[in-house]
Amino acid sequence: MTGRPERLFPLFAGLETLPGIGPKTAKLLANLDVAVPKDLVLTLPNAGVDRTPVASVRDAILPGVVTVPVTVGRHIPPASRGRPYRVEVEDAKTTFQVVFFRGSAELHQKMLPTGQRRILSGKAELYDGIAQMPHPDHVLEAGEALPEYEPIYPLTSGLTGKVMARAVEAALTRVPDLPEWIDPGLLAEKGWPSFAEGLRTAHHPSGPADLSPGTMARQRLAYDELFAHQLTLALARATERERPGRATEGDGRLRAKVLAALPYRPTDAQGRSIDEILGDMAQDRRMNRLLQGDVGSGKTLVALMALLTAVEAGGQGVMMAPTEILARQHAEGLRPLAEAAGVVLELLTGRDKGRERDGKLAALARDDIQILVGTHAVFQRDVAFADLRLAVIDEQHRFGVRQRMLLGQKNDSVDVLVMTATPIPRSLALTQYGDMELSVLDEKPPGRTPVTTSTVPVNRMDDVVARLRAAVAEGRQAYWVCPLVEESEVVDTTSAEERFRSLRAALGDGVVGLVHGQMPPAEKDAAMARFVAGDTKVLVATTVIEVGVNVPNASIMVIERAETFGLAQLHQLRGRVGRGSAKSTCLLMYKAPLGETAEARLRILRESEDGFRISEEDLALRGAGDVIGTAQSGLPRFRIADLERQAGLMELAQNDARALLAKDPALEGDRGEAARLLLWLTEQDRALKLLSVG
């Protein structure tokens with residue numbers, strides 16, 4: 001893979017090679033993430049102004065933008081300091097004034113010489129019954145023309161619309177005609193223009209409708225961006241799949257024992273996911289699969305079946321959780337089932353020290369432990385497995401790609417299964433995990449009770465506390481989640497501590513426990529353990545309990561100031577109840593009046609328990625970055641593609657990218673060469689590196 005192709009050089013030259021752009025403007029453009037002409041052509045207008053000429057200001061709706069031919073009349077300099085400079089002008093039907101609050105008299109006389117014809121365009125308003133146009137946007141000589149619909153670009157402080165528009169026009173002249181990288185069948189079916197034509201059309205809208213993501217030109221350009229991104233992921237996936245793995249096939253004897261010990265039959269979705277995972281494990285290439293399941297959809301059982309397959313094949317499996325509480329919980333939940341199958345399952349966390357830890361490590365190296373459950377402590381250098389075949393990672397977004405690779409170094413051919421309890425809309429799952437295969441659990445196992453969700457204004461706090469008192473008297477347990485306060489953990493902590501004190505006063509000593517992010521881990525675990533054991537009946541918490549905590553006896557979830565939480569987060573929190581046989585409720589306390597979005601959010605939660613539907617709605621309400629949390633999402637920044645409104649294009653792009661690579665793995669055919677140009681254009685360096693390695 002040599003350097004950037006020559007035909008793209010003009011698009012990657014310095015901005016100062018464009019007419020009218022000096023170092024100062026180039027610096028301003030950098031604030032818009034514009035570094036080269038290519039970035040300018042991919043910055044599309046986000047609004048427009050109608051500049052259709054009229055004969056007279058009388059024919060226009062004022063206040064509003066008017067474009068009108070005039071004859072310039074007399075100049076009226078200001079009578080005293082601080083007054084405006086005025087110029088009388090006459091159109092086909094009336095006389096009106098152009099007003100300047102700054103600029104010299106010479107400048108105004110040069111721009112509007114008395115007796116000459118000019119075309120004015122700018123915002124006009126009525127002032128004491130007379131039309132005025134302060135500082136026109138455009139003053140043209142007769143014979144010069146304006147676009148009837150002028151595109152408006154995103155700007156940054158100090159950068160004017162005129163300079164931006166001129167820069168974009170200059171950059172557009174540098175776009176070469178490029179060979180087509182989109183599948184010809186798809187192009188014909190969609191009726192999309194070519195890349196260069198799409199750019200020209202998108203930058204020259206003829207009306208507001210041309211600014212919508214649904215236009216042919218914008219769809220085409222968005223698709224190019226998504227296709228480049230999916231090509232990168234597909235290349236990463238292909239490279240990953242070429243890494244040798246080991247075929248791991250079990251005989252089913254251990255799995256059969258566990259299924260016999262279960263009080264229920266797995267759901268169809270669980271069965272389907274297990275088949276997909278075992279199919280991957282049986283291949284001699286590395287598995288890289290994401291298991292996506294809603295709260296309580298039974299991911300753990302699916303993971304256990306995969307781990308048992310590794311053991312049946314004579315190997316070992318490891319399961320990793322992001323926190324000690326969760327690792328402990330996984331171990332406790334899985335141990336009875338592992339025992340039913342006669343398999344040794346052990347827990348390893350940062351708490352294991354000295355002799356105890358050495359003993360576990362020795363047993364692991366001797367293959368006396370078949371399944372290890374732990375936190376990232378299982379990554380440490382001295383942890384050696386006898387024959388590790390499968391790693392299951394719980395809660396992907398807490399484990400970055402770096403940790404996945406670290407794990408790979410432990411054993412290059414280890415199969416990887418990532419589980420996430422956050423239902424992610426399909427378009428985002430493809431964006432973020434496009435290099436992985438996807439299994440989805442979209443049914444709930446029997447025995448989970450539906451949760452009744454209702455909303456209560458904060459001023460009815462006393463009623464809520466009274467209900468809680470009655471429930472505790474019946475032996476039930478409850479969570480009380482405190483609001484998120486601005487991003488400051490310290491403030492969060494104070495609000496949690498205050499709520500803890502007021503509930504303790506209302507419900508009695510020893511009834512209420514407290515967990516928050518600022519506590520030392522040992523204290524946090526102890527407070528959790530007391531709640532799990534049923535010693536405390538109400539647990540006041542910040543969102544540390546969001547993921548994975550399992551207390552079947554807890555049947556009430558109170559979320560204070562629910563309107564400050566995201567939809568997915570509220571859904572996760574609600575999933576902490578309804579795990580036992582008791583009828584469960586979730587109370588969303590809000591502070592009135594609610595904004596439109598907050599109201600929509602709470603309404604969706606009341607109506608639905610389907611995490612996938614909720615995540616799609618969340619995407620529509622908040623946008624892609626917020627759903628996954630941009631900071632740790634690793635979501636690519638798209639200039640044109642709109643993940644909320646163009647979700648369907650992502651799936652098309654993924655299928656197209658995978659199909660192209662299946663036919664032409666090294667991108668050497670005609671369409672492959674064109675696709676390479678697209679990768680250069682979109683600066684997908686990662687993909688280009690993968691190609692040069694391949």
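All values reported here derive from a predicted model rather than from experimental measurement.
By the 4.5 Å heavy-atom criterion applied to side chains, L364 and V383 are counted as neighbours. For the pair T536/V538, no side-chain contact is recorded, criterion being any heavy-atom separation below 4.5 Å from C-beta on. The shortest distance between side-chain heavy atoms of L539 and W480 does not fall below 4.5 Å. Residues V318 and V392 are not in side-chain contact: their nearest non-hydrogen atoms beyond the backbone lie 4.5 Å or more apart. Using a 4.5 Å heavy-atom threshold, the side chains of T585 and V451 count as separate. Side chains of T309 and R255 form a contact here, defined as non-hydrogen atoms less than 4.5 Å apart. The side-chain heavy atoms of V373 and T349, taken from C-beta on, include no pair separated by under 4.5 Å. Between L259 and M305, some side-chain heavy-atom pair lies under the 4.5 Å cut-off.
For E249 (side chain) and A282 (main-chain N/O), no donor-acceptor pair under 3.5 Å exists by modelled atom type. Judged by distance alone, the side chain of Q477 and the main-chain N or O of F531 form a donor-acceptor pair under 3.5 Å. Between the Q316 side chain and the A386 main chain, a donor and an acceptor come within less than 3.5 Å of each other. At least one donor-acceptor pair closer than 3.5 Å links the side chain of Q370 to the backbone N or O of V344. With R574 contributing its side chain and M557 its backbone, the two residues share no donor-acceptor pair below 3.5 Å. With E474 contributing its side chain and A471 its backbone, the two residues share no donor-acceptor pair below 3.5 Å. No donor-acceptor pair closer than 3.5 Å links the side chain of Q283 to the backbone N or O of A247.
Residues S584 and A554 share a closest heavy-atom pair of OG-O, 4.5 Å. The two atoms that bring A341 and L308 nearest to each other are CB-CD2, 4.5 Å, heavy atoms only. When every heavy atom of D367 is checked against every heavy atom of G314, the shortest pair comes out as OD2-O, 4.2 Å. Of all non-hydrogen atoms in V540 and C482, the two that sit nearest each other are CG1-SG, 3.7 Å. What you find for L390 and A310 is that their closest heavy atoms are CB-CB, 4.2 Å. The shortest non-hydrogen separation linking V577 to S555 is CG1-C, 3.9 Å.
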Output, in order, the C-alpha distance, side-chain angles, deciding distance and verdict of salt bridge (charged side-chain N to carboxylate O under 4.0 Å, His left out) for D368 and K360. CA-CA 9 Å; D368 288 349; K360 284 184 184 177; over 6 Å; no
Side chain to side chain contact (heavy atoms under 4.5 Å, CB included) between T300 and L334: does it pass, once the steps are laid out? CA-CA 8 Å; T300 322; L334 292 174; 3.7 Å; yes
Apply side chain to side chain contact (heavy atoms under 4.5 Å, CB included) to D394 and V418, showing your working. CA-CA 6 Å; D394 189 13; V418 173; over 6 Å; no
Verify side chain to side chain contact (heavy atoms under 4.5 Å, CB included) between L438 and R289, making sure each step is shown before the conclusion. CA-CA 6 Å; L438 198 58; R289 188 173 277 278; 5.6 Å; no
The test is side-chain hydrogen bond (donor to acceptor under 3.5 Å, both in side chains); show your working for R389 and T248 and say whether it passes. CA-CA 7 Å; R389 299 287 188 98; T248 298; 3.1 Å; yes
Could you please spell out the steps behind the side chain to side chain contact (heavy atoms under 4.5 Å, CB included) verdict for L291 and S273? CA-CA 8 Å; L291 175 64; S273 296; 3.9 Å; yes
Could you walk me through whether R606 and S454 pass the side-chain hydrogen bond (donor to acceptor under 3.5 Å, both in side chains) check? CA-CA 6 Å; R606 275 206 312 268; S454 45; over 6 Å; no
For the pair E312 and R253, evaluate salt bridge (charged side-chain N to carboxylate O under 4.0 Å, His left out) and give the outcome as yes or no after the intermediate values. CA-CA 7 Å; E312 288 168 359; R253 61 196 156 80; 6.0 Å; no
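Taking CG from L262 and CG from L301, the interatomic distance works out to 5.5 Å, rounded to the nearest 0.5 Å. With values rounded to the nearest 0.5 angstrom, L417 atom CG is found 8.5 Å from I393 atom CD1. Going from atom CG of L304 over to atom NE2 of H330 covers 11.5 Å, rounded to the nearest 0.5 Å. Rounded to the nearest 0.5 angstrom, M281 CE and I277 CD1 are separated by 8.5 Å. Atom CG in L573 sits 4.5 Å away from atom CD1 in I559 (nearest 0.5 Å). If you take OH on Y223 and CG on L186, they are separated by 5.0 Å, rounding to the nearest 0.5 Å.
The pair R246-D387 meets the salt-bridge criterion, since a charged nitrogen lies less than 4.0 angstrom from a carboxylate oxygen. Using a 4.0 Å cut-off between charged side-chain N and carboxylate O, D656 and R658 make no salt bridge. Salt bridge present: R357 and D382 bring a charged side-chain N and a carboxylate O closer than 4.0 Å. The pair R328-E324 meets the salt-bridge criterion, since a charged nitrogen lies less than 4.0 angstrom from a carboxylate oxygen.
Screening L588, L570, L587 for a side chain to side chain contact (heavy atoms under 4.5 Å, CB included) involving T453 leaves a single residue, L588.
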